[in-house]
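Sequence lines set the chain letters: A, B, ... in the order given, protein chains first and strands last, and positions in each chain run from 1.
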Amino acid sequence: MSTEHEYDVQAIQERWLPIWDELKPFDSNKPGDERPKKYVLDMFPYPSGDLHMGHAEAYALGDVVARYWAQKGFNVMHPIGWDSFGLPAENAAIKRGLDPKGWTYDNIEQQRTSMRRYACSFDWDRVLVTSDPIYYRWNQWLFLEFYKRGLAYRKNSPVNWCPSCQTVLANEQVVQGLCERCDSAVTKKALTQWYFKVTDYADRLLDDLDGLEGNWPNKVLSMQRNWIGRSYGAEVQFSIAGREEPITIYTTRTDTLYGATFMVIAVDSPLAAELVENSEASVKAEFDAYLEKTKKSNDIERLATDREKTGVFIDRYAINPINGESIPIWVSDYVLADYGTGAIMACPAHDERDLEFAEKFNLPIRPVAEDPEDFNADGARINSHEFDGMLREEAAEKMLKKLEDQGLGKKAKNFRLRDWLISRQRYWGTPIPIIHCDGCGEVPVPADQLPVELPSAEGLDLKPKGTSPLGAATDWVNVACPSCGKPAKRDTDTMDTFVDSSWYFLRFLSPKSETEAFPIQAAKNWAPVDQYVGGVTHAILHLLYARFFTKVLNDMGMIDFDEPFTRLLNQGMVQMNGSAMSKSRGNLVRLSDQLGEHGVDAIRLTMAFAGPPEDDIDWADVSPAGSAKFLARAWRAANDVTSETGVDFKTGNAELRKATHSFLRDFGPLIENFKFNVGVAKLMELVNAIRKTVDGNVGGSDPAVREAAEVVAIGLSLFAPYTAEDMWAVLGHKPGVALAGLPKADESLLVESTTIAIIQVDGKLRDKFEVSVAITAEELREKAFESYNVKRAIGDSEIANVIVREPKLVNIATR
RNA sequence: GCUCCUUUAGCCCAAUGGCAGAGGCAGACGACUUAAAAUCGUCACAGUGUGGGUUCGAGUCCCACAAGGAGCACCA
């Protein structure tokens, strides 16, 4: 405990850290531990430097949850690791001419030290680092398992391409259509790349979101639903003059088939290329010019919403199967090559985009709805022969039936979700464990030859140049084919780092294992994650990929659940003066400065108290100095206790005991519902009550004061571990307030014999008085009518209704 | 354009459909002090973005609108 009668933040921090290292209160692997299990996980950080304010918020809030369950008597597994592969390390290395490895591991050490000082309740025996071969070996193993199941495959398709950096970019590396590194306009380029077949799981990924309702933020659920974007419709076959095979189009509006006046095909699709193959030179030239222009156009132009429609008529015709009509075929960039079949029927009378196109190129517009105002064509059909008069739904159904009978159409669904492009032409990532052999083709690296370790970066030019830097590591690239033994080459691409983070929560069960990705039995005991905590920035990609992996692992029989994160808490961001903190904006608040000025506990408490955790915190609006003041106040309250440990609380001051136990009743539900700010407010209330009791005529010797101070120390341990531990010592206890346990509220202390009854007339408060809680409805009603204020409010009005909710309320409604 | 969130005191934020205020910041006043800081105490301040509706009763439920924010975006 503090020797001075004064709250010394720095001294307290230095005192307890080594003692906790000894005690290991958050070791989740104690032999014979009988406590029920709880898996609490914070999204692991990228080691891009020291911890910043965002980390401070995330880990403060994650710690509240983890420490709460520990106080509730659970064996909490709260592990930490580093998501340490990726571009920032590589870019830093290029800039400084260093090995990405050194930069990465230096940062990890710095963050580890900062986390320890920040008193994170991590289990330090379960650390993982994704750039360790012992970790990424299992990325490779999983890749090969996916490959076996046809879930990992290579295909040639257009990808984001930065012409200046000469590299493929992930969607997330394209910012407003510009390369995040060099700000040049990103274009598309066709390349052969590795993909994971997420689309095979699209239905399950969408449908299973329903089961997360209530436990995941609605925002995330709707973002995921949006992203997956399932639509129901039909595939319809249009035969083509001069082509044997018909063209299949996808539509959600079979009911507008009679309004289809032309067909549009994605200009960059293989189908379009094929259709113009033997066209007249003039058509072909026009097509080629347009295709070239489209390829050069970048996302900036594509994003412009008011962009005029463009396209080329390719002098070919399709037959509309519903009426045998011949319609012209156009190519355009407004039809996407990789959605549906890359071809649509255009119904300009009932589709805004088609209408715009038709107007631009003077194509016929034929309405199929009776009411000219009915753009959506919900009402009665016209121009639709035997279907005339039918409403949208019936028309859709019957037209599809007709097509089905002729074998020209069938029900279909489509997803906005695309397969996951996982290959990167970069050095700092998990090598893809495939060997390319001229004779045998793609050959998986045999499991007993894993891991395929990254070669040293020494001598490699890491600068992006369109192909992976690993290609230059000739000793590494050239290997014997595992199948035929002839000279072959390793795949030189590395995996997207989202692969690493898609299953790391399972690796924590045995981070050091060299024989398995994770132990199946331990996964049964510990997983899925009971509580996941992290930023909303990962609402789509990371969470979707982790859900995908979980479903695949479930299908592989390795786990018995199919959702990885039972509950999810998304904390907001820390801002300064209304905007995200950044060096260039000049509003950067340094965590180390804040910790130095106010102490770890005050910063953690401020994060929890600022407001609901999912809201952004504006650092200009909060008061770490105020938090520090409260901590000192709480600490002094403990110092004011003069009774001995173990004193019988029952004889203590009744009023304070009641405050203590109503705190104990309210606190748990508040934390479990993530109302940390309210929980802190309740602690402040209790400290105020102690102060009042001590300074009043009861004094510090009353047992109720000790009881209240001990409860404050335990409750405070969730937010301010150093102060709480010191208070615990001041109160005469052995170190270990983190596991002291939250006492149960004594309900008998909370029973009221009287309450205040509210009397309303027409919903307005007119009188209130104290009544027994046992009062009958009849008695309360009578008392209400005796009130002078009530009589006056009623006046001459006639009474229409009297609502009595004894013992609290009477509402008299007048006419 | 589509989807979603938010709006309560000068500020950050509470309030199982039942007295609008739990807590804090900033503020005023007082006690302690030679003084200041720290500490302790007391106090003031809104009727819940706007307009409707449901209800005995609405900050809370429903509808429309406004403002601010987030995500997706030519997905046929």
Side-chain angles (χ1 to χ4, degrees), chain A residues 6-7 217-227 229-231 233 249-253 256 260 263-264 266 302-307 309 332-336 338-347 350-354 356-357 414-418 536-537 539-540 572-573 578 605-606 609-612 614-627 629-630 632-633 636 666 669-670 675 677-688 691-692 694-695 756-768 799-805 808-814:
Chain A
E6 186 176 302
Y7 176 69
N218 286 331
K219 186 182 175 181
V220 175
L221 293 175
S222 75
M223 279 164 77
Q224 292 233 343
R225 288 190 178 111
N226 230 313
W227 184 265
R230 181 167 56 197
S231 80
I249 59 103
Y250 173 74
T251 179
T252 55
R253 296 300 304 270
T256 62
M263 176 182 278
V264 187
R302 283 196 160 233
L303 282 172
T305 45
D306 51 355
R307 205 161 60 102
K309 290 274 179 290
S332 176
D333 62 1
Y334 88 91
V335 172
L336 307 176
D338 57 352
Y339 183 79
T341 61
I344 63 157
M345 66 171 202
C347 178
H350 303 290
D351 182 282
E352 263 178 60
R353 298 152 302 185
D354 298 344
E356 222 182 291
F357 194 85
N414 255 297
F415 296 92
R416 167 182 262 131
L417 181 72
R418 305 294 148 81
V536 73
T537 41
I540 297 177
M573 294 191 308
L605 186 72
T606 302
F609 184 54
E614 57 273 17
D615 288 4
D616 291 341
I617 298 174
D618 195 321
W619 202 248
D621 289 337
V622 296
S623 171
S627 298
K629 203 167 108 182
F630 163 70
R633 198 170 147 86
R636 281 196 308 272
D666 297 343
L670 286 170
K675 297 186 167 194
N677 54 327
V678 186
V680 173
K682 296 280 177 203
L683 272 170
M684 291 172 166
E685 220 178 326
L686 186 53
V687 170
N688 289 346
R691 185 80 271 137
K692 210 168 178 176
V694 171
D695 292 350
I756 303 294
I758 308 302
I759 315 301
Q760 301 174 330
V761 177
D762 292 324
K764 289 193 190 71
L765 175 69
R766 292 304 180 191
D767 203 357
K768 53 182 169 183
I799 290 163
N801 196 5
V802 181
I803 309 292
V804 183
R805 294 275 181 275
K808 286 263 189 200
L809 179 116
V810 177
N811 188 14
I812 300 161
T814 66

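Side-chain nitrogen and oxygen atoms of Arg805(A) include none within less than 4.0 Å of the OP1 or OP2 phosphate oxygen of rU16(B). Listed pair Lys808(A) / rC19(B) fails the phosphate criterion, with no side-chain N or O lying under 4.0 Å from OP1 or OP2. Listed pair Arg416(A) / rA73(B) fails the phosphate criterion, with no side-chain N or O lying under 4.0 Å from OP1 or OP2. In this model, the phosphate group of rG69(B) is not approached by any side-chain N or O of Lys219(A) to a distance below 4.0 Å at OP1 or OP2. The side chain of Tyr334(A) places no N or O atom within less than 4.0 Å of a non-bridging phosphate oxygen (OP1 or OP2) of rA76(B). Within the 4.0 Å cut-off from OP1 or OP2 of rG23(B), not a single side-chain nitrogen or oxygen of Asn677(A) is found. Proximity of Ser222(A) to the phosphate of rG71(B): no side-chain N or O atom is located under 4.0 Å from OP1 or OP2.
Base-pair partner of rA26(B): not found among the strands shown (Watson-Crick or G-U wobble, both distances under 3.5 Å). Nucleotide rG49(B): paired with rC65(B) (Watson-Crick or G-U wobble, both distances less than 3.5 Å). Using N1 to N3 plus N6-O4 or O6-N4 for Watson-Crick, or N1-O2 and O6-N3 for G-U wobble, each under 3.5 Å, rA44(B) pairs with nothing. The partner of rU39(B), taking Watson-Crick or G-U wobble pairs whose two distances both stay under 3.5 Å, is rA31(B). The pairing partner recorded for rA73(B) is none, the criterion being a Watson-Crick or G-U wobble arrangement whose two distances lie under 3.5 angstrom. The pairing partner recorded for rU54(B) is none, the criterion being a Watson-Crick or G-U wobble arrangement whose two distances lie under 3.5 angstrom. In this structure, rA20(B) makes no Watson-Crick or G-U wobble pair, since no nucleotide meets both defining distances under 3.5 angstrom.
Looking at the side chain of Asn801(A), the nearest of the listed nucleotides rA14(B), rC25(B), rC56(B) is rC56(B). Distances were taken from every side-chain heavy atom of Asn226(A) (C-beta onward) to each of rU3(B), rG57(B), rA14(B); the shortest belongs to rU3(B). The side chain of Pro612(A) lies closest to rA14(B), out of rG23(B), rA14(B), rA76(B). The Met223(A) side chain lies nearest to rG71(B) when the options are rC72(B), rG71(B), rC19(B). Nearest to the side chain of Arg636(A), among rC4(B), rC40(B), rG18(B), sits rC40(B). Relative to the side chain of Met684(A), the nucleotides rA76(B), rG23(B), rC19(B) differ in distance, and rG23(B) lies closest. Comparing rC72(B), rC19(B), rG41(B) by their nearest atom to the side chain of Ile540(A) picks out rC72(B). With rC12(B), rG41(B), rA14(B) as the candidates, the nucleotide lying closest to the side chain of Asp621(A) is rC12(B). Distance from the side chain of Ser623(A) is smallest for rC25(B) among the nucleotides rC25(B), rU39(B), rC12(B). For Ile803(A), counting side-chain heavy atoms from C-beta on, the closest listed nucleotide (rC56(B), rG23(B), rU3(B)) is rC56(B).
Rounded to an integer number of Å, the gap from Tyr250(A) OH to rA76(B) C1' is 8 Å. We find that CD of Glu685(A) is positioned 5 Å from C1' of rA22(B), with the value rounded to whole Å. In this structure, the CG atom of Leu605(A) is 12 Å from the P atom of rG24(B), given to the nearest Å. Between Glu352(A) atom CD and rC2(B) atom C1' the separation is 12 Å, expressed in whole Å. Atom P of nucleotide rG23(B) and atom CG of Leu670(A) are separated by 14 Å, given to the nearest angstrom. Rounding to whole angstrom units, CG of residue Asp338(A) and C1' of rA76(B) are separated by 13 Å. Atom pair Asp615(A):CG and rA14(B):C1' shows a separation of 13 Å (rounding to whole Å applied). Put simply, NZ on Lys675(A) is 4 Å from P on rA15(B), counting in whole angstrom units.
The separation of rA44(B) from rG21(B), taken at their C1' atoms, amounts to 14 Å, rounded to a whole angstrom. Distance noted for atom C1' between rC12(B) and rU16(B): 25 Å (whole Å). The same atom, P, is picked in rG23(B) and in rA66(B); the two are 38 Å apart, to the nearest Å. Using P as the reference atom, rA28(B) and rA36(B) are 14 Å apart when rounded to the nearest Å. rG53(B) and rU60(B) have their C1' atoms separated by 15 Å, given to the nearest Å. Between the P atoms of rG17(B) and rU7(B), the separation comes to 16 Å (whole Å). Taking the C1' atom of each, rU48(B) and rC19(B) are spaced 15 Å apart, rounded to whole Å. Spacing between rG59(B) and rG47(B) at atom C1', rounded to whole Å, works out to 9 Å.
Using cut-offs of 30° and 60° for the angle between ring planes, the Tyr339(A) and Tyr250(A) rings count as perpendicular.
Looking at heavy-atom distances under 4.0 Å, Phe630(A) makes no contact with the nucleic acid at all. Residue contacts for Arg691(A): at a heavy-atom cut-off of 4.0 Å it reaches the sugar-phosphate backbone alone, with no base atom in range. Using a 4.0 Å heavy-atom criterion, one finds that Val264(A) contacts no nucleic acid atom at all. Counting non-hydrogen atoms under 4.0 angstrom, Asn688(A) reaches the backbone sugars and phosphates but no base.
In terms of heavy-atom proximity, Phe609(A) sits nearest to Ala681(A) at CE1-N, 4.2 Å. Between Met345(A) and Asp354(A), the shortest heavy-atom contact is O-OD2, 4.1 Å.
Judged by distance alone, with hydrogens and angles left aside, Lys768(A) brings a side-chain donor or acceptor within reach of the base of rC19(B), the pair sitting under 3.5 Å. Interface remark: the Gln760(A) side chain does form a donor-acceptor pair with the rG18(B) base, using a distance-only criterion of under 3.5 Å.
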Practice task
Report the C-alpha separation of Met573(A) and Ile617(A) in whole Å, then their side-chain angles, then the decisive distance to 0.1 Å, and conclude whether the side chain to side chain contact (heavy atoms under 4.5 Å, CB included) test is met.
Solution key: CA-CA 6 Å; Met573(A) 294 191 308; Ile617(A) 298 174; over 6 Å; no
Handout entry: Worked verdict on Asp338(A) versus Arg418(A) for side chain to side chain contact (heavy atoms under 4.5 Å, CB included)
Key = CA-CA 8 Å; Asp338(A) 57 352; Arg418(A) 305 294 148 81; 2.9 Å; yes
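Looking at which nucleotide of RNA chain B each of Val622(A) and Lys682(A) is closest to, the 5′-most match is held by Val622(A). Both Ser231(A) and Asn811(A) lie close to RNA chain B; mapped to their nearest nucleotides by heavy-atom distance, the more 5′-ward contact belongs to Asn811(A).
Side-chain atoms of Thr252(A) and Ser231(A) form no donor-acceptor pair, as typed in the model, at a separation below 3.5 Å. For the residue pair Arg805(A) and Asn811(A), no side-chain donor N or O sits within less than 3.5 Å of a side-chain acceptor on the partner.
rG27(B): glycosidic angle beyond 90° from 0, hence anti.
The structure places CZ of Arg225(A) at 8.0 Å from CG of Asn218(A), a figure rounded to the nearest 0.5 Å.
Side-chain N or O atoms of Gln224(A) include one that pairs as donor or acceptor with a backbone N or O of Ala539(A) at under 3.5 Å.
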